[in-house]
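Taking it in order: structure first as structure tokens, then the write-up.
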Protein chains: 2
Amino acid sequence: MDTTQRTGQQRSADRRRRELLEAADRVVLRDGPQASMNAIAAEAGITKPILYRHFGDKGGLYAALAKRHTDALLDSLRAALDAPAERRERVEATLDTYLAAIEARPQVYRFLMHPSDGSAGEHGFDVGKHSAPLLRRMGEELAQVIGDRLDLGPGGRQLARVWGHGIVGMMHAAGDWWLGERPCSRAELVRSLADLLWGRLAAAGDKVGGPGF
Amino acid sequence: MDTTQRTGQQRSADRRRRELLEAADRVVLRDGPQASMNAIAAEAGITKPILYRHFGDKGGLYAALAKRHTDALLDSLRAALDAPAERRERVEATLDTYLAAIEARPQVYRFLMHPSDGSAGEHGFDVGKHSAPLLRRMGEELAQVIGDRLDLGPGGRQLARVWGHGIVGMMHAAGDWWLGERPCSRAELVRSLADLLWGRLAAAGDKVGGPGF
DNA sequence: ACTCTCGAGTTACCGCTAGTAACACACGTT
DNA sequence: AACGTGTGTTACTAGCGGTAACTCGAGAGT
């Protein structure tokens with residue numbers, strides 16, 4: 001890869017950094033979570049130590065990479081959450097936005113959430129330490145919105161935090177399962193999850209022949 | 001390591017396998033997700049190749065280790081789910097059982113769910129590929145129970161699966177967050193999550209001064 | 001014009017990992 | 001006595017994250 005087409009070196013370090021991140025992105029999209037520092041360096045047309053100078057260590061590069069996607073996703077989610085519509089519609093829009101995102105770039109989100117579950121090899125990114133932040137950030141963000149807008153009485157702030165993390169976890173796990181098995185359309189999944197959040201679990205009747213769940 | 005204190009070799013391979021698993025368990029409890037094959041072999045008083053003869057590869061050992069804990073946890077959850085009580089009480093009991101389990105052995109469950117998020121070092125178990133099965137199994141199991149007992153009308157089976165995975169994800173994410181921050185008691189967390197499942201999100205009133213969430 | 005500095009980039013390495021090949025010893029069987 | 005067979009070892013490969021030490025080339029100073 002002859003990336004230095006022009007010997008222009010007035011490129012700031014920031015610009016370089018962005019180039020490296022884009023190269024990393026490409027590799028992650030191609031190789032999935034198996035992307036190695038060597039591969040990323042090669043894709044960027046340079047060698048490892050430069051990567052380390054820019055990002056400190058693998059975690060630093062990962063964090064930078066994750067921040068981009070996380071920020072983008074959070075922006076989308078915020079937009080869905082702020083849409084002028086009924087509460088139920090907003091919830092569905094938010095769920096749908098998240099699911100659409102992981103559907104559009106499954107490898108990226110698999111990379112962000114699931115450490116090295118690619119097809120071959122075993123030495124992948126150790127994402128575990130950093131996958132939490134993504135879910136945590138989403139959880140905290142959602143908690144903020146819930147706490148800001150809903151009147152939950154005393155202790156509502158804490159309740160909102162629990163719910164924020166819980167709902168994000170629900171969304172994540174269901175999305176993950178759905179992405180793997182594709183048992184239904186996205187719309188159906190959204191509807192089902194919203195129904196769950198809307199208390200249909202509590203409202204459902206027992207099946208004939210025994211005590212209910 | 002003179003492990004052959006007695007030349008007793010009538011020990012069946014199964015017995016040996018269980019010993020190895022127990023050693024692995026000990027190491028995981030001590031070192032967390034950083035446990036390496038070398039460390040486990042050393043703890044068992046043997047060397048690596050034997051581990052590989054018994055478990056094939058790291059994934060095999062991990063799978064065997066995970067199966068033990070997963071089975072045990074699932075048994076507990078089933079018991080809580082089958083207790084003779086109201087639906088809400090059962091849900092709370094199940095949540096509490098899960099949370100009590102991860103509270104009692106945080107390192108084990110961190111190991112099962114989070115790949116290599118230990119304090120130091122970076123080369124840990126690549127659990128990512130295997131953490132899904134645990135959550136998947138719990139999700140499917142819960143889906144089974146929900147589908148068996150609740151009358152959800154047409155498409156109820158699929159709805160139950162979505163809910164199973166969603167609820168498990170909620171439980172997992174909330175538990176994970178709670179274990180890290182301990183923002184409240186276990187009972188409070190259980191109650192908050194059950195409230196969420198019981199539709200309090202939909203029922204809550206908007207806060208004064210703007211449209212609701 | 002010559003040197004000096006300095007930063008970008010390289011090669012070559014370390015220590016670690018998962019995983020394997022090849023060898024060594026003790027046992028019950030024929 | 002000779003022979004597999006199971007159990008264990010040592011010594012190795014290949015690849016990873018990460019780093020030390022070197023090289024090279026562009027500007028600044030005199």
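FYI, side chains are in, hydrogens and waters are out, and symmetry mates aren't considered; it's all heavy atoms of this structure.
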With A:Asp195, which residues qualify under salt bridge (Lys or Arg N to Asp or Glu O under 4.0 Å), at least two apart? A:Arg88, A:Arg200

Can you measure B:Tyr52 atom OH to D:dA11 atom C1' for me and round it to whole angstrom units? 15 Å

If you restrict it to nitrogen or oxygen atoms, what contacts under 3.5 Å exist between nucleotides 10-12 of chain C and the protein, and what is each distance?
{"residue": "C:dT10", "atom": "OP2", "partner": "A:Thr47", "partner atom": "N", "Å": "3.0"}
{"residue": "C:dT10", "atom": "OP2", "partner": "A:Thr47", "partner atom": "OG1", "Å": "2.4"}

I need the CZ-P distance between B:Phe55 and C:dT20, as an integer number of Å. 15 Å

Taking atom C1' of D:dG8 as reference, at what distance in whole Å does atom NE2 of B:His54 sit? 11 Å

Given the options B:Ile102, B:Thr94, B:Leu95, B:Tyr98 meets side chain to side chain contact (heavy atoms under 4.5 Å, CB included) only with B:Ile102

Say you draw a straight line from CZ of B:Arg157 to CD of B:Gln144; how long is it, rounded to the nearest 0.5 Å? 5.5 Å

Counting only side-chain N and O atoms of A:Arg16, is one of them less than 4.0 Å from OP1 or OP2 of C:dG9? yes

Value in whole Å for how far the P atom of C:dA18 lies from CD of A:Gln34: 15 Å

Interatomic distance where CG belongs to A:Asp57 and P belongs to D:dC16 [whole Å]: 17 Å

Could you tell me the separation between the CG atom of A:Asp14 and the P atom of C:dA8, rounded to a whole number of Å? 12 Å

Count the heavy atoms of every other residue, nucleotide or ligand shown that sit under 6.0 Å from CZ of B:Arg186, and state whether that count exceeds 12. yes

Whole angstroms only, please: what is the OH-C1' distance between B:Tyr62 and C:dT17? 19 Å

Under the criterion side chain to side chain contact (heavy atoms under 4.5 Å, CB included), which of B:Glu92, B:Met170, B:Met171 is the partner of B:Leu197? B:Met170

So, taking the atom named OG1 in B:Thr97 and the one named CG in B:Leu81, what distance separates them when rounded to the nearest 0.5 Å? 9.0 Å

